[in-house]
Q: 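There's a structure below that I have some questions on.
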Amino acid sequence: MSVASRKAVGAGLTLLTGAAAALVVAMLAVILVDVVRGGAGRVSWEFLTSAPEEGMTAGGIFPAIYGTAVMTLLMTVAVMPVGVLTAVYLHEYAPPRSRMAALVRVAVTNLAGVPSIVFGLFGLGFFIQFAGGALDRALSPPGELHYGRPALLWAALTLAVLTLPVVIVATEEALRAVPREHRDASLALGATRSQTLARVVLPQALPGILTGAILAVARGAGEVAPILFTGVAYFLPELPGSVWSQFMHLGYHVYVLATQSPDVEATRPLLYATVFVLLALTFALNLVAIAIRTRTRRKAAAGH
Amino acid sequence: MAGTGEEAARPSPSMRRRQVREAAIQAVITLVALTGIAAVVLIFVFVAREALPIFTSPEVGKETDLARMFLPQAWRAGRPAFFSWQPVSDVPKYSMVPLFVGTLKVTAVAMLVSVPVGVAAALFTSEFAPRRLREVLKPTIELLAGIPSVVLGFFALIVLATVLQDTFGFTSRLNAVVAGIALALTVVPVIFTVSEDALTAVPRSYREASLALGATRWETAFKVVLPAAAPGVLAAVVLGFGRSIGETMIVLMASGNAAMTTFSFGDSVRTLPATIAAEMGEVVFGGAHYAVLFFIGVELFLFTFVLNTLAAAFVKRVVRRMAGTA
Amino acid sequence: MTSIPHPAASAAKMETRRLEIRYGAKAAVKDVSLTLPDRQVTALIGPSGCGKSTFLRALNRMNDLIPGSSASGEILLDGRSIYAGHLDAVELRRRVGMVFQKSNPFPKSIFENVAYGLRIGGLSDRRELGERIERSLRSAALWDEVKDRLAESAMGLSGGQQQRLCIARALAVEPEVLLMDEPASALDPIATAKIEDLIHELKVRYTIAIVTHNMQQAARVSDQTAFFYMGELVEVGPTEQIFTTPRQQRTEDYVTGKFG
């Protein structure tokens, strides 16, 4: 091939691959623009703070926001200790070439790939039927179901299992960024392994662990399939009173408005506004996480 | 100075306490780390447990069994045998085949779009884009992965379906193409991220050697970097495939949900995950329909388990290849 | 006139007997028997990869942290094995401190860096902490430079100051032995000179072992010098003798710069 034609092919390929990248970004932009145009104008203080009315063709989405927030909070409380300690085990405690560590890694990778609807089935089969059923047999009057039915807690725990890999991966990356020399310095001063962990390693890994928490929250707030059978409700006249109540959820609300509305035209503005709120929420969380991660990665790169 | 050897070799009480405490902490951490393994095992066990009546309960066995789920059935004497998913009917029919066909159709569309786009975008980002652009592109595309699937489903249902119908004139507004393209929006970030990681993992010395021999940048990218990272790119594709088989909300909202065994991409389809999501709310707990939906869950679990294992093996190969040269 | 110290006359603070350290199948230190005399400076010299750093790290069991490493032979502190039941690695490291090649202050304040070893030891009384920290910083000849900014991050100090901070941090827990692994290799000549002066002052109270690549440094700071080659201890003796009249040809070749 001549130099000129090689150059031409090069330019062509750069253009072609560049177009692919541009296409992805463009799709993202189209979605954002559509949602913002359709929804931003409808979002008002009243919309955010009032309940749906008239068969969801009017009113606001407060119960859905509240339900999403409480469920996500419960999920975070459940997943963070387990995720962080698992990462600590993998990176700080497991002996090299540990069989168990290898197995944990395989399990975590696979957990990340299990379809979200299967988590829903798991929540139904394990938390509600098995755990809830056992609680009912032990605590409830015969024939009554208090625990073996969809509830805020079961949904949160189901999502905690789903987001476990997110937390583990982010925490392990954060631990990896803590220089070996700091651990050595601490140990050489007569600190134990757990003192080194608590006083040197974890404080330095905190931004990365926070990133994991935020990503888990963003993921957990947006997932709908796992909560379909484990706790979410179509419409509730009251806010959930305890972790054993059902709850409304932004993502599910979007699904319901989009597919099961009796009057599509009437709900459309509400639908757009709800999507806008959900998207703004998850995007804000993701942006913060990406910002922290980029900063810590750069810092880690500079430190080496 | 100090006492006899015997006496002196004994640890002091405070040291003993400290060692016990450290051992306890280590035990707790190790125990917690087993949660991940337990989760995977429990997911399989408890999803499979609810599907078990298909094989053990005579009650459920009257309605369905493996043969009736996978082989064509002549539902009325004298009529040709066919596949049918019709769980709510006088004679409930639980053929998996229409669901498999639907899932594969949607996935085929999704992969056809997302593999070239995802890999090309990754190549561009790692090989051709200037550094500044790369630093913006990567997080931006990662942001796409942060959009909840229900939002993508909404977008497909409200906007994309209309645009595509106006362009191609589909008879059913919601169909395999609409769902597949919407699905591609979640698959692209997966393929992009994993491929991009594999491409950037190729040591700079490879590129320098190629460039030093007079190869141009694109020749280096396509003939040196891409082949070196090939197992990683393959892993990306496999992971994307697993993702698209298992995705629920998008297809539930955008595929039309008709369980038909046709090969036209313009028809409405129903996928495995969407079937679970749509029908679980209406089943009798413990009945045949309930068990069959859990059986679909087992299938999905196993498919993605195999795909993940495959992808992990590919990734391991890249790591080993790169480590051998570093 | 000052009297020349006589290493042989001094009691042994630490001692190894036929020490062998392996990484997997490979022996990094072979059959080394060496004595660190009380309150004297022992320099460990030799070409890269000769095992001198590995030997040093064995003395406070930092090698235990490296996967696949194992030690045989004996290591004694005050005549008792460091592997005996009365000690564990944590206890040992409080008595045998270490300063690393690359200064490694924690990303905390200057105060908290020096306080670290005291706090993990259970000391929390603010006043006592303050006194001990001042004393350690003075011992490390850093007090005057940092006394007005103890609350500032240690990462803002210069390289030489950071290394002296690490020395202060090690001194704060009042060890008996101080191990220094090329403590000045990353520093400029002025900062190096400060560290060397410091070593002179510290040996009044501490037994010191220092690994160095720099022959002049070994000659300037140490009382006793040990020459390592390929994992073996080739020769050990009073520093003056090693540098003027070594008994082994390989030692002479090394100290005169014929290889290394």
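All chains are named by letter (A, B, ...) in the order of the sequence lines, taking the proteins before the strands, and each is independently numbered beginning at 1.
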Q: For B:Phe303, is it the side chain, the backbone, both, or neither that has a heavy atom closer than 4.5 Å to a heavy atom of chain A?
A: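 Neither part.
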Q: With only heavy atoms counted, which part of B:Leu137 is less than 4.5 Å from chain A, the side chain, the backbone, both or neither?
A: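 For B:Leu137, side-chain heavy atoms alone lie under 4.5 Å from chain A.
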Q: If the threshold is 4.0 Å, N to carboxylate O, is there a salt bridge linking B:Glu22 and A:Arg193?
A: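 So B:Glu22 does not pair with A:Arg193 through a salt bridge.
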Q: Would A:Thr282 and B:Ile147 satisfy side-chain contact (heavy atoms from CB on, under 4.5 Å), going step by step from the backbone distance to the final call?
A: CA-CA 7 Å; A:Thr282 48; B:Ile147 298 185; over 6 Å; no
Q: So which heavy atom on B:Ala277 is nearest to which on A:Ile117, and how close?
A: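 In this case the closest contact between B:Ala277 and A:Ile117 is CB-CD1, 3.7 Å.
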Q: Is there a side-chain contact between B:Val47 and A:Phe126, using heavy atoms and a 4.5 Å cut-off?
A: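 The answer is no; the side chains never approach within 4.5 Å.
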Q: Sort B:Leu42 into side chain, backbone, both or neither according to what part of it lies under 4.5 angstrom from a heavy atom of chain A.
A: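 Both the backbone and the side chain of B:Leu42 come within 4.5 Å of chain A.
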Q: Any side-chain heavy-atom pair from A:Phe130 and B:Arg49 closer than 4.5 angstrom?
A: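 They are in contact (side-chain heavy atoms under 4.5 Å apart), so the answer is yes.
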Q: Is the number of heavy atoms from other residues, nucleotides or ligands under 6.0 Å of A:Arg37 CZ greater than 12?
A: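 No, not enclosed.
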Q: If we define contacts as heavy-atom pairs under 4.5 Å, which of B:Met249, B:Arg18, B:Glu142 has the most with chain A?
A: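 Heavy-atom pair counts peak at B:Met249.
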Q: Which residues from residues 23-36 of chain A are near chain B, with near meaning under 4.5 Å between non-hydrogen atoms?
A: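 The stretch touches chain B at A:Leu23, A:Val24, A:Val25, A:Met27, A:Leu28, A:Val30, A:Ile31, A:Asp34, A:Val35.
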Q: Between B:Ile158 and A:Leu271, is any pair of side-chain heavy atoms under 4.5 Å apart?
A: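 Yes - at least one pair of side-chain heavy atoms lies under 4.5 Å apart.
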Q: Does the side-chain contact (heavy atoms from CB on, under 4.5 Å) test come out yes or no for B:Ile29 and A:Glu92, once each step is laid out?
A: CA-CA 10 Å; B:Ile29 289 175; A:Glu92 308 288 320; over 6 Å; no
Q: Are B:Pro148 and A:Leu279 packed together at the side-chain level, in the sense that at least one heavy-atom pair is separated by less than 4.5 angstrom?
A: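 Touching, per the 4.5 Å side-chain cut-off.
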Q: Which bit of A:Leu85 is near chain B, if near means a heavy-atom gap under 4.5 Å: side chain, backbone, both or neither?
A: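 Backbone plus side chain of A:Leu85, per the 4.5 Å heavy-atom cut-off to chain B.
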Q: Calculate, to the nearest 0.5 Å, the distance between atoms CG and OG1 belonging to B:Leu123 and A:Thr17 respectively.
A: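 Output value for this atom pair is 6.5 Å.
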Q: Are A:Tyr93 and B:Ile25 side-chain neighbours, meaning at least one heavy-atom pair lies under 4.5 Å?
A: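 In short, these two side chains touch, coming nearer than 4.5 Å.
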Q: At a 4.5 Å cut-off on heavy atoms, which part of B:Glu50 comes close to chain A: side chain, backbone, both, or neither?
A: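 Just the side chain, heavy atoms under 4.5 Å.
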Q: Taking the side chain as everything from C-beta on, heavy atoms only, tell me whether A:Leu124 gets closer than 4.5 Å to B:Met280.
A: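 Heavy-atom side-chain distance check passes, below 4.5 Å.
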Q: What residue, out of A:Thr274, A:Leu257, A:Thr192, has the most heavy-atom pairs lying under 4.5 Å from chain B?
A: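 The candidate making the most pairs under 4.5 Å is A:Thr192.
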Q: Please classify the contact of A:Phe119 with chain B as side chain, backbone, both or neither, using a heavy-atom distance under 4.5 Å.
A: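 For A:Phe119, the contact with chain B is made by the side chain alone.
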Q: With chain B as the partner, which of A:Ala11, A:Gly113, A:Gly123 has the greatest number of non-hydrogen pairs under 4.5 Å?
A: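 The candidate making the most pairs under 4.5 Å is A:Gly113.
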Q: Report which part of B:Leu34 has an atom under 4.5 Å of a heavy atom belonging to chain A: side chain, backbone, both, or neither.
A: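 Both the backbone and the side chain of B:Leu34 come within 4.5 Å of chain A.
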Q: Using a cut-off of under 4.5 Å on heavy-atom pairs, state which of B:Val151, B:Thr140, B:Leu143 scores highest against chain A.
A: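 Option with the top pair count is B:Leu143.
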Q: Check each atom of A:Ala225 against the heavy atoms of chain B and say whether the ones under 4.5 Å are side chain, backbone, both or neither.
A: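 Contact with chain B involves both backbone and side-chain atoms of A:Ala225.
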Q: Given heavy-atom pairs under 4.5 angstrom as the criterion, report whether the side chain, backbone, both or neither of B:Phe294 touches chain A.
A: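 For B:Phe294, heavy atoms of backbone and side chain both lie under 4.5 Å from chain A.
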Q: Under a 4.5 Å heavy-atom cutoff, which of B:Leu307, B:Leu160, B:Leu300 has the most pairs with chain A?
A: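 So the answer, after comparing B:Leu307, B:Leu160, B:Leu300, is B:Leu300.
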Q: Based on non-hydrogen pairs under 4.5 Å, which of A:Val108, A:Leu103, A:Ile168, A:Leu215 is most in contact with chain B?
A: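 Among the listed options, the one with the most contacts to chain B is A:Leu103.
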Q: Test side-chain contact (heavy atoms from CB on, under 4.5 Å) on A:Leu15 and B:Phe124 and set out the steps.
A: CA-CA 9 Å; A:Leu15 215 67; B:Phe124 178 76; over 6 Å; no
Q: Select one option (side chain, backbone, both, neither) describing which atoms of B:Val117 are under 4.5 Å from chain A's heavy atoms.
A: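 Both backbone and side chain of B:Val117 come within 4.5 Å of chain A.
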Q: Measure centre to centre between the rings of B:Phe154 and A:Tyr255, then say whether the value is under 6.0 Å.
A: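 When the ring centroids of B:Phe154 and A:Tyr255 are compared, they turn out to be at least 6.0 Å apart.
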Q: Heavy-atom pairs under 4.5 Å with chain B: which of A:Leu121, A:Thr86, A:Leu285 has the most?
A: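 Of the options given, most contacts go to A:Leu121.
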Q: Any idea which of B:Thr30, B:Val45, B:Leu31 has the most non-hydrogen atom pairs under 4.5 angstrom with chain A?
A: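 Among the listed options, the one with the most contacts to chain A is B:Thr30.
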Q: About how many Å separate CG of A:Leu16 and CZ of B:Phe128, when rounded to the nearest 0.5 Å?
A: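 Atom-to-atom, B:Phe128:CZ and A:Leu16:CG are 10.0 Å apart.
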Q: Let me know if A:Arg219 has heavy atoms under 4.5 Å from chain B in its side chain, its backbone, both or neither.
A: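 No part of A:Arg219 comes within 4.5 Å of chain B.
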Q: Quick check on the interface: out of A:Gly38, A:Ala218, A:Ala19, A:Gly18, who has the most heavy-atom pairs with chain B under 4.5 Å?
A: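 Maximum pair count with chain B is reached by A:Gly18.
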Q: Considering non-hydrogen atoms only, spot the tightest contact between B:Phe46 and A:Gly125 and give its length.
A: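 Reported closest heavy-atom pair: CD2-O, 3.7 Å.
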Q: Given the options B:Leu133, B:Leu252, B:Ile141, which has more heavy-atom pairs under 4.5 Å with chain A than any of the others?
A: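 Sorted descending by pairs with chain A, the first entry is B:Leu252.
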Q: With sequence neighbours left out, write down each residue that passes salt bridge (Lys or Arg N to Asp or Glu O under 4.0 Å) with B:Glu135, or none if nothing qualifies.
A: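 Residues passing salt bridge (Lys or Arg N to Asp or Glu O under 4.0 Å) with B:Glu135: B:Arg131.
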Q: What is the minimum heavy-atom distance between B:Thr248 and A:Ser116, and which atoms define it?
A: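 Reported closest heavy-atom pair: OG1-OG, 4.1 Å.
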Q: Specify which of A:Gly10, A:Ala258, A:Gly120 makes the most heavy-atom pairs with chain B at under 4.5 Å.
A: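 Option with the top pair count is A:Gly10.
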Q: Under 4.5 Å from any heavy atom of chain B, what part of A:Val82 do you find: side chain, backbone, both or neither?
A: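 Contact with chain B is through both the backbone and side chain of A:Val82.
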Q: Does any part of the side chain of A:Leu111, heavy atoms only, come nearer than 4.5 Å to the side chain of B:Ile43, both counted from C-beta?
A: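 With C-beta onward as the side chain, the pair touches.
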Q: If you look at every heavy atom in B:Ile37 and A:Ala107, which pair is closest and at what distance?
A: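 The answer is CA-CB, 3.7 Å.
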Q: Show the nearest heavy-atom pair for residues B:Thr35 and A:Leu164, with the distance to one decimal.
A: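 Heavy atoms of B:Thr35 and A:Leu164 come nearest at CG2-CD2, 4.4 Å.
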Q: Report yes or no: does B:Trp218 contribute a side-chain atom to a donor-acceptor pair with the main-chain N or O of A:Arg6 at less than 3.5 Å?
A: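 Answer holds: yes.
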Q: Work out which heavy atom in A:Val114 is nearest to a heavy atom in B:Thr304; give both atom names and the distance.
A: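 Residues A:Val114 and B:Thr304, closest heavy atoms: CA-OG1, 4.3 Å.
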Q: With respect to chain A, which residue among B:Leu144, B:Val150, B:Val188 yields the maximal number of heavy-atom pairs within a distance under 4.5 Å?
A: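 Of B:Leu144, B:Val150, B:Val188, B:Val150 has the most heavy-atom pairs under 4.5 Å with chain A.
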Q: Got a second to check how far A:Phe229's CZ is from B:Ile276's CD1, nearest 0.5 Å?
A: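 Interatomic distance, A:Phe229 CZ to B:Ile276 CD1, rounded to 0.5 Å: 6.5 Å.
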Q: Tell me, for B:Phe192 versus chain A, whether the close heavy atoms (under 4.5 Å) come from the side chain, the backbone, both or neither.
A: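 Contact with chain A is absent: no heavy atom of B:Phe192 under 4.5 Å.
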Q: Using side-chain contact (heavy atoms from CB on, under 4.5 Å), reason through B:Gln26 and A:Tyr89 one step at a time and then give a plain yes or no.
A: CA-CA 8 Å; B:Gln26 170 153 12; A:Tyr89 168 77; over 6 Å; no
